[in-house]
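Take a look at the structure set out below.
None of the values given here were measured: they were computed from a predicted structure. A, B, ... follow the sequence lines: proteins, then strands. Residue 1 opens every chain.
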Amino acid sequence: MKLQRTHTCGQLQHQDVGKSVILNGWVCHCRDHGDLLFIDLRDRYGVTQVVFHRAQDAGLHTAAKTLRPEFVVAVQGQVNLRPEGTANPALPTGEIEVLAQTLEILNPAAPLPMEVDEHAEVSGETRLRYRHLDLRRPGMQQNLLFRHRVIQTIRRYFDQLQFVDVETPFLTKSTPEGARDFLVPSRLSPGEFFALPQSPQLFKQVLMCAGLDRYYQIVRCFRDEDLRADRQPEFTQLDVEMSFIGEEDIIRIIEGLMVTVMREAAGISIHAPFPRIAYREAVDRYGHDAPDLRFGLELVDVTDLARQSEFKVFQAASASGGVVRGLNARAASEQIPRRQIDALVQFAQEIGAKGLAWMRIEGQTVHSPIAKFFSPDLLVQFQKRMEAGPGDVLFFVAGDLKTASLALRHLRLRLGNDLGLIPKNTYHFSWVVDFPLLEWDDEEKRYAALHHPFTSPKPEHLAILEEKPLQVLARAYDLVLNGVEIGGGSIRIHDQEVQKRLFRLLGITDEDAEIKFGFLLECFRHGAPPHGGIALGLDRILMLLRGLDSIRDVIAFPKTQKGTCLFTRAPSPVAPRQLKELGIQPARAEKPGSISHEK
RNA sequence: GGCCCCGUAGCUCAAUUGGUUAGAGUGCCAGACUGUCGAUCUGGAUGUUGCCGGUUCGAAUCCGGUCGGGGUCGCCA
């Protein structure tokens with residue numbers, strides 16, 4: 001190209017006045033004043049104002065009149081100080097402008113299906129469909145730039161601590177445990193399949209057995225499950241594993257990482273160590289194993305008191321082994337009018353609660369549709385337990401632990417938002433520890449690993465592994481930021497005998513184990529160091545640090561909730577020949593006319 | 001797989017709850033304008049109300065189905 005840039009659009013300032021420069025970029029705004037024409041030229045680095053005067057060069061001015069938003073142009077001109085009073089303090093380049101002397105239209109742009117302007121509101125669907133335009137917007141560029149900076153910081157941090165970045169295969173073995181696998185048919189082994197990794201879990205353990213000692217990888221993982229705002233079928237994990245260490249080592253390394261990332265990439269000062277909370281306590285106090293600790297509004301158990309009431313719903317819950325739990329919206333009586341309560345009741349029911357009981361404390365009296373089921377003395381006890389006073393509104397959910405916890409967790413977050421209890425720009429990291437090793441899978445009628453089958457039980461619980469499996473705690477830990485699980489890991493089992501006992505509990509026979517993870521067990525037989533690690537959800541961390549509601553905004557080309565890509569139109573049908581080569585026959589009939597991309 | 005919200009001009013939305021020819025902002029096109037900066041002013045063009053079917057004298061509006069976007073439960077070791 002003839003006019004290659006000498007500067008970027010975010011670079012020129014008053015010290016450059018007088019220079020002859022060339023800028024390349026996209027036309028962002030045109031402000032046509034007749035004989036005077038302003039163009040905002042945009043690139044990744046910023047925006048610079050370019051001026052065209054008819055009096056100065058009529059031909060050039062006429063050419064500039066044809067410019068439209070998102071034309072790609074090269075402008076040669078002179079850097080001038082803007083006239084007195086016309087500087088734009090909102091722009092780093094706002095003191096200067098470039099008086100155009102040459103204009104080259106490198107590429108015109110057809111009328112656009114969406115505005116690139118950062119102020120324009122565009123629906124998520126349109127943004128994904130025209131992602132190339134969406135990604136031109138400064139906000140999205142900042143998101144991607146921030147992602148890059150965080151990744152660079154992570155790499156520097158681990159490199160300094162002698163961690164080795166090792167790539168693990170994407171075409172690997174399907175494992176029946178865990179999430180649904182994405183399968184890739186093998187042409188050379190007809191009828192057989194690779195799976196895309198849900199995580200490099202087994203490989204990083206093999207790397208420990210191989211003596212790599214300290215491993216990390218920023219790696220794509222794949223899980224064929226339903227999507228959420230914070231779940232994509234392919235997502236990026238910061239994967240870490242270390243040898244000859246215990247929980248404290250992993251925790252210390254990761255706390256150091258988060259402090260460094262926050263400081264260097266986000267410019268935010270946070271302090272380690274992070275608070276720790278036991279799984280059981282998290283569920284009891286917040287209804288969730290990833291509690292948002294930025295605010296209080298804690299759950300309170302009233303099961304024992306509820307048993308004494310005449311309210312059948314409360315009686316039934318406590319009689320059947322369930323719970324009655326509540327929370328106190330302190331001094332919120334005026335902020336929660338009756339209509340709002342009705343909305344909250346409906347909200348709780350949509351989450352799965354049978355109902356939502358409430359009491360409004362006004363002066364010495366309790367206003368509540370269920371007050372009549374409580375003796376005066378019991379009402380006093382309820383208020384005491386809930387630490388309730390005049391102006392408070394109490395909410396209660398009765399049911400099995402899981403349902404009640406879920407409903408109250410959502411209710412707590414909703415009230416926290418509605419009542420403005422959640423501080424902005426606060427980053428509250430915490431560890432959730434003391435997870436149970438196992439849970440009872442009622443559908444499969446067997447125990448299942450809460451984390452994964454290589455997670456080590458706490459050594460002091462090994463004795464009761466077979467007798468009281470559900471009471472055994474794991475050497476596992478989750479990292480939580482603002483109520484979102486951003487990572488989890490564990491110390492692994494490296495003792496073959498313990499591993500065998502656990503497989504037996506999980507209903508995995510020796511034969512099964514050999515077929516499924518034989519390669520790892522073989523490693524363990526050949527000298528396995530004690531090891532453990534963690535995996536962090538990079539997309540979620542970025543989302544939270546950028547104050548976004550979805551990881552879609554920190555991923556360049558994300559999928560929709562139905563798992564499709566609106567930009568490329570993937571997935572799509574393939575040619576019959578491709579399927580034939582792979583030995584695959586779809587069960588569903590092809591849509592007529594849908595076969596297009598013959599290779 | 002279940003439940004909920006949404007789908008109207010290129011884009012973002014409205015349409016007095018079933019009633020005349022579906023509007024606004026923005027963008028687009030044309031014109032005016034020498035200091036704007038999300039420029040301003042004047043004028044103009046733009047609709048299969050996602051799609052299919054039903055109810056009705058009459059449907060953007062109600063009903064059924066379907067497709068698409070989003071949230072959530074299940075699922076996500």
Side-chain angles (χ1 to χ4, degrees), chain A residues 28-42 47-56 61 65 68-70 80 82-91 93-94 97 110-130 133-134 175-181 198-199 201-202 221-233 235 346-347 349-353 402-403 406-407 410 435 437-439 441 443-444 447-455 474 476 485 488 490 506 508 516-517 535 537 549-550 552 559-562 564 566:
Chain A
C28 183
H29 292 108
C30 308
R31 292 180 294 280
D32 186 348
H33 290 241
D35 291 340
L36 174 68
L37 177 61
F38 298 103
I39 299 292
D40 284 343
L41 201 60
R42 185 199 67 238
V47 173
T48 299
Q49 174 165 285
V50 180
V51 199
F52 297 86
H53 289 281
R54 179 184 291 283
Q56 207 245 343
H61 178 267
K65 285 233 178 221
R68 293 290 177 273
E70 302 309 312
N80 287 342
R82 294 198 195 181
E84 186 78 28
T86 61
N88 184 353
L91 242 46
T93 62
E97 63 192 7
L112 301 167
M114 62 170 270
E115 289 175 61
V116 174
D117 191 294
E118 60 183 314
H119 303 280
E121 281 184 29
V122 187
S123 71
E125 189 174 353
T126 305
R127 290 177 50 202
L128 289 184
R129 170 70 184 84
Y130 304 102
L133 299 178
D134 189 40
T175 52
E177 304 279 323
R180 191 177 294 112
D181 281 324
Q198 298 171 26
S199 84
Q201 179 63 37
L202 302 182
C221 302
F222 306 87
R223 293 179 190 175
D224 188 6
E225 298 290 350
D226 286 1
L227 291 83
R228 290 282 189 286
D230 61 356
R231 272 167 38 188
Q232 285 270 308
F235 61 99
Q346 193 187 338
F347 174 74
Q349 286 172 335
E350 282 167 8
I351 301 298
K402 216 171 173 181
T403 309
L406 184 71
H410 282 276
F435 281 89
L437 183 69
L438 303 164
E439 60 185 346
D441 186 332
E443 271 183 35
E444 305 269 335
Y447 294 109
L450 201 72
H451 197 58
H452 61 63
F454 308 104
T455 299
E485 182 199 324
S490 65
L506 294 170
I508 302 172
K516 289 170 182 171
F517 336 100
D549 297 322
S550 168
R552 287 187 291 265
K559 306 280 188 289
T560 67
Q561 199 174 60
K562 287 209 166 61
T564 66
L566 294 179

Give A:A90 one of three labels, base, sugar-phosphate or nothing, depending on what nucleic acid heavy atoms sit under 4.0 Å from its own. nothing

Nearest-angstrom distance from the residue atom CD1 of A:I39 to C1' of B:G38: 15 Å

Residue A:H29, side-chain heavy atoms: nucleotide from B:C76, B:G69, B:A39 that is nearest: B:A39

Which whole-number value in Å describes the distance from A:L227 CG to B:C73 C1'? 15 Å

Less than 3.5 Å apart, any donor N or O on the side chain of A:Q198 or A:D181 sitting next to an acceptor on the other? yes

Within the 4.0 Å heavy-atom criterion, would you say A:L91 contacts the bases, only the backbone, or no part of the nucleic acid? nothing

Sugar-phosphate only, base, or nothing, as touched by A:P453 at under 4.0 Å among non-hydrogen atoms: base

Identify whether any heavy atom of A:E118 sits under 4.0 Å from a base atom; if not, whether one sits that close to sugar-phosphate; answer base, sugar-phosphate or nothing. nothing

Could a donor-acceptor pair under 3.5 angstrom be found where the side chain of A:D32 meets the base of B:C33? yes

Could you tell me whether the phosphate oxygens of B:C33, OP1 or OP2, come under 4.0 Å of any side-chain nitrogen or oxygen in A:R31? no

For RNA chain B, whose closest nucleotide is more 5', that of A:H452 or that of A:Q561? A:Q561

Distance-only side-chain donor-acceptor flag, A:R31 / A:Q49, under 3.5 Å: yes

A:P83: partners by side-chain contact (heavy atoms from CB on, under 4.5 Å), with sequence neighbours left out: A:T86, A:E97

If you look at every strand shown and take non-hydrogen atoms under 4.0 Å, does A:A87 touch a base, only sugar-phosphate, or nothing? base

Considering only the C1' atoms, how many Å lie between B:G47 and B:G38, rounded to the nearest integer? 27 Å

Between B:U66 and B:G19, how many Å separate the two P atoms, rounded to a whole number? 28 Å

Can you check the A:L406 CG to B:C75 C1' distance for me, whole Å? 13 Å

Per atom distances to the A:D117 side chain, the nearest of B:U12, B:G38, B:U36 is B:G38

N/O (side chain, A:S123) to phosphate O (OP1/OP2, B:U12) under 4.0 Å: yes

Record whether the side chain of A:E97 comes under 3.5 Å of the base of B:G35 through a donor-acceptor pair of N or O atoms. yes

Mind checking who B:G31 pairs with, Watson-Crick or G-U wobble, both distances under 3.5 Å? B:C41

Spacing of the C1' atoms in B:G18 and B:U49 (rounded, Å): 15 Å

Taking the P atom in each of B:U17 and B:A60, what is the distance between them to the nearest angstrom? 16 Å

Whole Å only: how far is the CZ atom of A:R231 from the P atom of B:G71? 11 Å

Taking NZ from A:K559 and P from B:C76, how many angstroms apart are they, rounded to a whole number? 21 Å

Side chain of A:I351 (C-beta onward), nearest among B:U72, B:G38, B:C76: B:U72

Per atom distances to the A:V122 side chain, the nearest of B:G38, B:C11, B:C28 is B:C11

Per atom distances to the A:E225 side chain, the nearest of B:C75, B:G69, B:G35 is B:C75

Taking atom C1' in both B:G53 and B:C67, what distance in whole Å separates the two? 15 Å

Please check if the distance between the ring centroids of A:F454 and A:F517 is under 6.0 Å. yes

Under 4.0 angstrom between A:R68 side-chain N/O and B:C29 OP1 or OP2: yes

Applying a 4.0 Å non-hydrogen cut-off, can you work out what A:R180 is touching in the nucleic acid: base, sugar-phosphate, or nothing? nothing

Looking for any heavy atom pair under 4.0 Å, which part of the strands does A:H119 touch: base, sugar-phosphate only, or nothing? base

For A:L133 versus A:P113, what's the shortest heavy-atom pair and its separation? CD1-CD, 3.8 Å

Is the shortest side-chain N/O distance from A:Q198 to OP1 or OP2 of B:C76 below 4.0 Å? no

For B:U26, give its Watson-Crick or G-U wobble partner with both distances under 3.5 Å, or none. B:G10

Under 4.0 Å between a side-chain N or O of A:H33 and OP1 or OP2 of B:A32? no

Determine whether more than 12 heavy atoms belonging to other residues, nucleotides or ligands lie under 6.0 Å from atom NZ of A:K65. yes

Checking all strands, does A:T86 fall into the base, sugar-phosphate, or nothing category for heavy-atom contacts under 4.0 angstrom? base

Reckon A:R552 touches a base, only the sugar-phosphate, or nothing at all at heavy-atom distances under 4.0 Å? sugar-phosphate

Under 4.0 Å between any heavy atoms, over every strand shown, what does A:P83 touch: base, sugar-phosphate, or nothing? Just pick one. base

May I ask which nucleotide in the shown strands pairs with B:G47, Watson-Crick or G-U wobble, both distances under 3.5 Å? none

What form does the base of B:U46 take, syn (within 90° of 0) or anti? anti

Would you mind classifying the nucleic acid contact of A:H53 as base, sugar-phosphate or nothing, using non-hydrogen atoms under 4.0 angstrom? base

Take atom CD of A:E439 and atom P of B:C76, then tell me their distance rounded to the nearest Å. 9 Å

Would you give the length of the straight line joining atom OG1 of A:T560 to atom CD of A:E125, rounded to the nearest 0.5 angstrom? 9.0 Å

Looking only at side-chain atoms of A:R228, point me to the closest of B:C75, B:C11, B:C76. B:C75

Is A:T564 close enough to B:G69 that one of its side-chain N or O atoms is under 4.0 Å from OP1 or OP2 there? yes

Would you mind classifying the nucleic acid contact of A:T455 as base, sugar-phosphate or nothing, using non-hydrogen atoms under 4.0 angstrom? nothing

Does some side-chain heavy atom of A:V50 sit less than 4.5 Å from a side-chain heavy atom of A:L37? no

Pairwise P distance for B:A45 and B:A59, with rounding to whole Å: 27 Å

Of the options B:G35, B:G69, B:U72, whose atoms approach the side-chain atoms of A:A229 most closely? B:U72

Between the base of B:C75 and the side chain of A:R223, is there a donor and acceptor pair under 3.5 angstrom? no

Side chain of A:Q49 only, please: which of B:G35, B:G38, B:G69 is the nearest? B:G35

Describe the nucleic acid contact of A:L37 in one word from base, sugar-phosphate, nothing, applying a heavy-atom distance below 4.0 Å. nothing

Do A:I39 and A:H29 have side chains that approach each other closer than 4.5 Å (heavy atoms only, starting at C-beta)? no

Suppose you measure atom C1' in B:C29 against the same atom in B:U46; what distance do you get, rounded to whole Å? 10 Å

If the P atom of B:U12 is compared with that of B:U20, how far apart are they to the nearest Å? 27 Å

Using a heavy-atom cut-off of under 4.0 Å over every strand shown, decide if A:T175 touches base, sugar-phosphate, or nothing. nothing

Between CG of A:D226 and C1' of B:C3 the distance, given in whole Å, is 14 Å

With nearest nucleotide decided by heavy atoms, which residue, A:G124 or A:A448, maps closer to the 5′ end of RNA chain B? A:G124

Closest non-hydrogen contact found for A:R82 with A:L91 is NH2-CD2, 4.4 Å

Interatomic distance, A:E115 CD vs B:C28 P [rounded to whole Å]: 7 Å

